[in-house]
Amino acid sequence: MADKRKQGALESEVLGCLWDRPDGLTSQQLLSMLGEEVKLTTVLTVLARLQEKGQVTKSPGSGRSFIFSAVTTREQHTAQQLLNLM
């Protein structure tokens, strides 16, 4: 049986990829970075949820693609998480 990710783990992985590439990534680029066990529809769902939460922006790319970028840096996100705990 394949290992299942904990809830929110895929969101964290997607954000990690976007933080590593500040210029942004397409959903296809994210898919290739995340590995074979993830489907494109899952990546698009996670990106939509992160966009609803205000953590990711979407801008037009070349052709029909979109470029997704993180709104904050890894450090800003971590600092906000720590402030939320306090």
Side-chain angles (χ1 to χ4, degrees):
M1 179 165 30
D3 290 322
K4 297 255 184 192
R5 286 183 174 88
K6 291 184 181 178
Q7 185 175 5
L10 188 54
E11 286 184 2
S12 295
E13 286 182 51
V14 168
L15 280 172
C17 291
L18 293 174
W19 286 324
D20 291 341
R21 302 282 179 93
D23 293 336
L25 295 166
T26 65
S27 56
Q28 289 291 336
Q29 290 170 322
L30 276 165
L31 182 64
S32 66
M33 292 175 79
L34 293 171
E36 295 178 13
E37 71 276 355
V38 180
K39 304 268 188 246
L40 179 59
T41 54
T42 304
V43 172
L44 292 171
T45 299
V46 169
L47 287 167
R49 288 182 180 163
L50 288 171
Q51 193 175 2
E52 288 173 5
K53 293 178 181 180
Q55 295 179 317
V56 169
T57 60
K58 177 171 84 170
S59 58
S62 62
R64 296 180 357 167
S65 67
F66 290 97
I67 304 295
F68 296 92
S69 303
V71 172
T72 61
T73 64
R74 187 183 316 262
E75 293 77 14
Q76 291 169 329
H77 180 75
T78 302
Q80 186 59 49
Q81 295 295 93
L82 288 172
L83 287 173
N84 290 343
L85 287 174
M86 295 169 65

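What you see below is based on every heavy atom in this structure, not just the backbone, and it leaves out hydrogens, waters and symmetry mates.
- For the side chain to side chain contact (heavy atoms under 4.5 Å, CB included) test with V71, the passing option among L18, T57, V56 is T57; the others fail.
- Hydrophobic clustering (side-chain heavy atoms under 4.5 Å, transitive across Ile, Leu, Val, Met, Phe, Trp, Tyr) groups V14 together with L44.
- The distance from the CD atom of Q80 to the CG atom of L85 is 10.0 Å, given to the nearest 0.5 Å.
- Between atom OG of residue S27 and atom CZ of residue F68 there is a gap of 5.5 Å, rounded to the nearest 0.5 Å.
- Side-chain contact check for K53 versus E11: some heavy-atom pair is nearer than 4.5 Å.
- Screening Q76, E75, R74 for a side chain to side chain contact (heavy atoms under 4.5 Å, CB included) involving W19 leaves a single residue, R74.
- Under the 4.5 Å side-chain heavy-atom criterion for Ile, Leu, Val, Met, Phe, Trp and Tyr, L47 and I67 are members of distinct hydrophobic clusters.
- The minimum heavy-atom distance between L25 and C17, with the atom names listed, is CD1-O, 3.7 Å.
- Taken to the nearest 0.5 Å, the CE atom of M33 stands 10.5 Å off from the CD atom of E13.
- For the side chain to side chain contact (heavy atoms under 4.5 Å, CB included) with L10, the lone residue among T42, L15, V43, T45 that qualifies is T42.
- For the atom pair S12 OG and H77 NE2, the distance stands at 6.5 Å (nearest 0.5 Å).
- Taking each heavy atom of G24 and S69 in turn, the nearest pair found is CA-OG, 3.6 Å.
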